[in-house]
2 protein chains.
Amino acid sequence: MKQANKKIFREFAAQKGLKSTRQRDAILDLFLSSDRHMSIEELYLKLRAKYPTIGYATVYRTLKLFAESGIAREIHFGDGQTRYEHVGRGEHHDHLVCTRCGAIVEFSNETIENLQEAVAEEHGFLIETHKLELYGICARCRK
Amino acid sequence: MKQANKKIFREFAAQKGLKSTRQRDAILDLFLSSDRHMSIEELYLKLRAKYPTIGYATVYRTLKLFAESGIAREIHFGDGQTRYEHVGRGEHHDHLVCTRCGAIVEFSNETIENLQEAVAEEHGFLIETHKLELYGICARCRK
DNA sequence: CAGCAATTGAAAGTGATTTTCACTATACAG
DNA sequence: CTGTATAGTGAAAATCACTTTCAATTGCTG
């Protein structure tokens with residue numbers, strides 16, 4: 001997926017007349033090779049190690065571009081920070097979030113998705129997206 | 001539920017040594033008699049009609065107390081504003097949110113809940129809470 | 001290489017929420 | 001009732017997570 005997403009973003013950039021800059025490339029590489037759920041702050045701190053002058057604004061702007069290009073998606077876990085996660089084409093999943101250690105596990109369940117459709121239909125809604133998060137204590141923290 | 005929740009909050013307040021003030025009572029009454037999903041701003045504006053000197057800080061502080069006491073719950077629909085909804089004991093429901101007009105419809109579906117439990121178990125999680133939001137276009141906006 | 005538009009980073013600006021602080025109001029003791 | 005301790009209030013300042021502005025760079029195209 002890494003290479004595919006790199007290509008998707010390059011094409012998106014070309015089409016929008018975006019320039020390729022050192023900062024942008026560095027952020028793209030870091031994002032694609034990172035954990036699947038990074039906050040701006042985490043990205044910024046890691047970037048600064050290699051790139052001491054980089055600014056928050058650049059990281060924010062660049063991640064917005066990633067989201068716009070379709071390779072990233074914003075997620076909110078209610079802690080006031082926006083995180084970004086990777087997106088593979090067409091792929092969708094939901095999250096289990098550990099309230100102790102913050103661990104995030106992805107899952108997807110087709111039956112649930114179908115039931116969601118059914119519920120929406122009952123109420124006359126046409127679903128565009130959804131968000132399903134289960135909060136609890138992960139296996140490790142339960143021990 | 002109104003009376004029950006009033007009582008729950010009174011007991012909570014007594015136990016924590018909180019005083020009963022005019023402002024607090026007014027906010028409690030307004031909250032309990034309001035729509036089920038109010039933002040701080042909506043509450044504040046309505047309160048100011050009867051209570052011109054009330055401050056945002058008081059409304060924020062009071063709603064936090066409601067949440068702590070268990071009669072209210074914070075909800076976030078991704079528009080940057082925190083809303084509070086009523087909580088009946090043990091009761092749970094999820095939301096359909098219209099991305100056009102902002103309408104919010106509640107629903108609950110036991111089969112989905114059970115599947116969530118199953119998913120959590122598969123991953124060793126002990127669920128505490130969950131959040132399920134379906135975003136789309138409501139019946140009225142589709143016409 | 002020149003020229004221009006896109007990009008960057010520092011700093012100022014936002015909008016929602018929280019904290020501070022001087023003042024006020026409540027509740028319990030006497 | 002009346003102090004008195006203590007909690008609560010509101011205005012204003014502070015904070016937090018972003019976003020915008022702007023002057024100085026930097027890529028790209030001709």
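In what follows, chains are A, B, ... by sequence order, proteins preceding strands, each numbered from 1.
Distances were taken from every side-chain heavy atom of A:Q81 (C-beta onward) to each of D:dA7, D:dA17, C:dT8; the shortest belongs to D:dA17. When distances run from any side-chain atom of A:R61 to the nucleotides D:dG10, C:dA27, C:dT8, the shortest one goes to C:dT8. Considering only side-chain atoms of A:A57, the nucleotide from D:dT20, D:dG8, D:dG27 that sits closest is D:dT20. Comparing D:dG8, C:dT17, D:dT9 by their nearest atom to the side chain of B:T58 picks out D:dT9. The side chain of B:T53 has D:dG10 as its nearest neighbour among D:dG10, D:dC18, D:dG8. Considering only the side chain of A:K19, C:dA6 comes nearest among C:dA6, D:dG8, C:dA16.
Within the 4.0 angstrom heavy-atom criterion, no nucleotide atom of any strand lies near B:E41. Note on A:I40: nothing from the nucleic acid sits closer than 4.0 angstrom, heavy atoms only. A:K64 comes within contact range of the sugar-phosphate backbone alone, with a heavy-atom separation under 4.0 Å but no base atom that close.
Between the side chain of B:R142 and the main chain of A:G124, a donor-acceptor pair closer than 3.5 Å is present.
Atom OH of A:Y56 and atom P of D:dT21 are 22 Å apart (whole Å). When rounded to the nearest whole Å, the span between CG of B:D25 and P of D:dG8 equals 12 Å.
In this structure, A:F66 has its ring center no closer than 6.0 Å to that of A:Y84.
Residue A:I75 is not grouped with residue B:Y135 when hydrophobic side chains (ILVMFWY) are merged at heavy-atom distances under 4.5 angstrom, including chains of intermediate members.
Checking B:T62 against B:Q23 by side-chain atom types alone, no donor-acceptor pair falls below 3.5 Å.
Residue A:Q23 places at least one side-chain N or O under 4.0 Å from the OP1 or OP2 atom of C:dG9.
One cannot find a donor-acceptor pair under 3.5 Å joining the base of D:dG27 and the side-chain atoms of A:R22.
At most 12 non-hydrogen atoms from other residues, nucleotides or ligands lie less than 6.0 angstrom from NZ of A:K46.
For the pair A:T21 and B:T82, nearest-nucleotide mapping onto DNA chain C gives the more 5' position to A:T21.
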